There are 2 protein chains.
Amino acid sequence: MATGRTHRPATRSRGIPEATVARLPLYLRALTGLSERSVPTVSSEELAAAAGVNSAKLRKDFSYLGSYGTRGVGYDVEYLVYQISRELGLTQDWPVVIVGIGNLGAALANYGGFASRGFRVAALIDADPAMAGKPVAGMPVQHTDDLEKIISENGVSIGVIATPAGAAQQVCDRLVAAGVTSILNFAPTVLSVPEGVDVRKVDLSIELQILAFHEQRKAGEEAAVAEAAAAVVPPVRAAGNGRKGPDGDMPAVMPA
Amino acid sequence: MATGRTHRPATRSRGIPEATVARLPLYLRALTGLSERSVPTVSSEELAAAAGVNSAKLRKDFSYLGSYGTRGVGYDVEYLVYQISRELGLTQDWPVVIVGIGNLGAALANYGGFASRGFRVAALIDADPAMAGKPVAGMPVQHTDDLEKIISENGVSIGVIATPAGAAQQVCDRLVAAGVTSILNFAPTVLSVPEGVDVRKVDLSIELQILAFHEQRKAGEEAAVAEAAAAVVPPVRAAGNGRKGPDGDMPAVMPA
DNA sequence: GACTGTGAAAGGGTTCACAGCT
DNA sequence: AGCTGTGAACCCTTTCACAGTC
């Protein structure tokens, strides 16, 4: 799960595997749904189905947290909600700043799932002076000049970067200098951060490209080949010979 | 990497590991940057740094594609760009529809990274009749009623769901029925799809929760404990006793 | 001398299958 | 009888380290 680098080398915090941590929010969401429907207990099979995983994995995951189930019965929904929330650190509230209030930043600011479960948008920050003071999601946008002040006054330790790629590293550096130690990055760049700072990346075009890969496979090889038509300047191998690529060499077409 | 389910069981298409596929877009982006700066060749060490991975991993990844480097020299940038693009299926163009043109959908429609590398937004679709005809990102929004027609007329095989959670499964079903076989889901729900359809999920609040977990660890255990103050009704264990959770039992506070 | 390509080793993660509790 | 909790087996991924090539 791509992290700029970071994610403390072999830390796996008190023994909960990273893969399990990444699934806890999934379980939590499924459990919250059950809780709202006042379902008192749930089996690993049912909960796994609701979370979209298989039950063996779920049971193994829960076993890292402790023995929170009852054999022959299942799991107590409310109890599990609490335990997972606590494990994830959602029993405290996390002030978050969003930097870069373009389309995406605004979408994030308005995103309900943010505000719910333990996160509170403490400030919206943008570099454009024309944005300053404008209300987005019922909050006035503040100018980047005040970034450091905002971070420290609100005790913010989590920052969301939704700026253009070019500004991301600079924003990141300022966030880190001001005390932020976790960053969620939507800009399509690799951020470099000092040891001890966590970066997670969300990248739309990467996800699409992975889908395209699988989509291409489904269609068989024909589709790709059928596309070799109009001729553009092909990038020819520098000192090329002795190539051993599986699918044949450069055709006469180059993608945009 | 959560996929609703799917991802053909043991397919790993022609032997490229899934983990490698997920990194190819990263390499591609780094290479594109080098290409724009007219850098002719790059070593595994340099490229790895630019992509935010280590060089051994990168070399291993490339070895699955073929022997595209030159010992003692490095990789030809243009050549690699082409090979990776081809491998990912980006030498053909993929028409994409975005369903749900709220804040997020609009952000996606405006996102440049979409339009570049092989993807073309073929249509924006929303269920709100008031949105119909309105231009977003220079395109008129179309009504959900025409979804099937739009999919088939444009030969769309990739759909992006940016609707509220409640509508996502229904939209998904219609997309699939109309012929879409890859879905990028931004709605916070588990989608169920038939065999052969790929789903990838992007979930903002899950990413934040994972960050919160690590953030909590950094702060040590004290911070979490210090939060136990005002008393609300605590969810007491149903038939609870003999608990063996590592951190102690239910305190007197319950998160929202 | 420099750097790739890759076997082999090590490390995680997932799945199996069943012992153990209610 | 039902369902959890978990060792053991399996599989995938990462890392190491070096032989092979330019």
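Just so we're clear, the structure is a prediction, and the values are computed from it rather than from any experiment. Numbers restart at 1 for each chain; the letters A, B, ... are given by sequence-line order, proteins then strands.
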Of all residues at least two apart in sequence or in a different chain, which pass the side-chain hydrogen bond (donor to acceptor under 3.5 Å, both in side chains) check with B:Glu46? B:Ser43

Ring pair (Phe, Tyr, Trp, His ring centres under 6.0 Å): pairs with one or both residues in residues 17-42 of chain B, sequence neighbours excluded: B:Tyr27-B:Phe62

Distance check needed: D:dT14 C1' versus B:Glu18 CD, whole Å only. 16 Å

Can you list every salt bridge (Lys or Arg N to Asp or Glu O under 4.0 Å) pair that touches residues 24-40 of chain B, not counting sequence neighbours? A:Asp203-B:Arg29

More 5' along DNA chain C: A:Thr20 or B:Phe62, using each one's nearest nucleotide? B:Phe62

Of all the nucleotides listed (D:dG5, C:dT15, D:dA17), which has the minimum atom distance to the side chain of B:Arg59? D:dA17

Side chain to side chain contact (heavy atoms under 4.5 Å, CB included) between B:Leu65 and B:Gln83: does it pass, once the steps are laid out? CA-CA 8 Å; B:Leu65 309 184; B:Gln83 291 296 347; 5.6 Å; no

Non-neighbouring partners of B:Ser157 that pass side chain to side chain contact (heavy atoms under 4.5 Å, CB included), sequence neighbours left out: A:Glu215, B:Trp94, B:Thr181

Taking atom P of C:dA17 as reference, at what distance in whole Å does atom CG of A:Asn54 sit? 13 Å

According to salt bridge (Lys or Arg N to Asp or Glu O under 4.0 Å), does anything in residues 58-67 of chain A pair up with another residue at least two apart or in another chain? List the pairs. A:Arg23-A:Asp61

Mind checking what makes side-chain hydrogen bond (donor to acceptor under 3.5 Å, both in side chains) contact with A:Asp173, not counting sequence neighbours? A:Gln169

With sequence neighbours excluded, residues passing side-chain hydrogen bond (donor to acceptor under 3.5 Å, both in side chains) with A:Ser35: A:Glu78

Answer whether the closest heavy-atom distance between the side chains of A:Arg217 and B:Asp198 falls below 4.5 Å. no

Atom-to-atom span, CD1 of A:Ile16 to P of C:dG12 - whole angstrom: 15 Å

Tell me: NZ of A:Lys57 to C1' of D:dT4, nearest whole Å? 18 Å

Can you give me the N/O atom pairs linking the protein to nucleotides 8-11 of chain C at distances under 3.5 Å, or say none if there are none?
none

Rounded to the Å, how far apart are B:Glu45 CD and C:dT4 P? 8 Å

Heteroatom pairs (N/O) under 3.5 angstrom, protein to nucleotides 1-3 of chain D:
unit_1	atom_1	unit_2	atom_2	d
D:dG2	N2	A:Gly72	N	3.2
D:dC3	O4'	A:Gly72	N	3.1
D:dC3	O2	A:Gly72	N	3.4

Just the rounded figure in Å: distance from C1' of C:dC16 to CG of A:Leu58. 16 Å

Taking atom C1' of C:dT15 as reference, at what distance in whole Å does atom CG of A:Asp61 sit? 12 Å

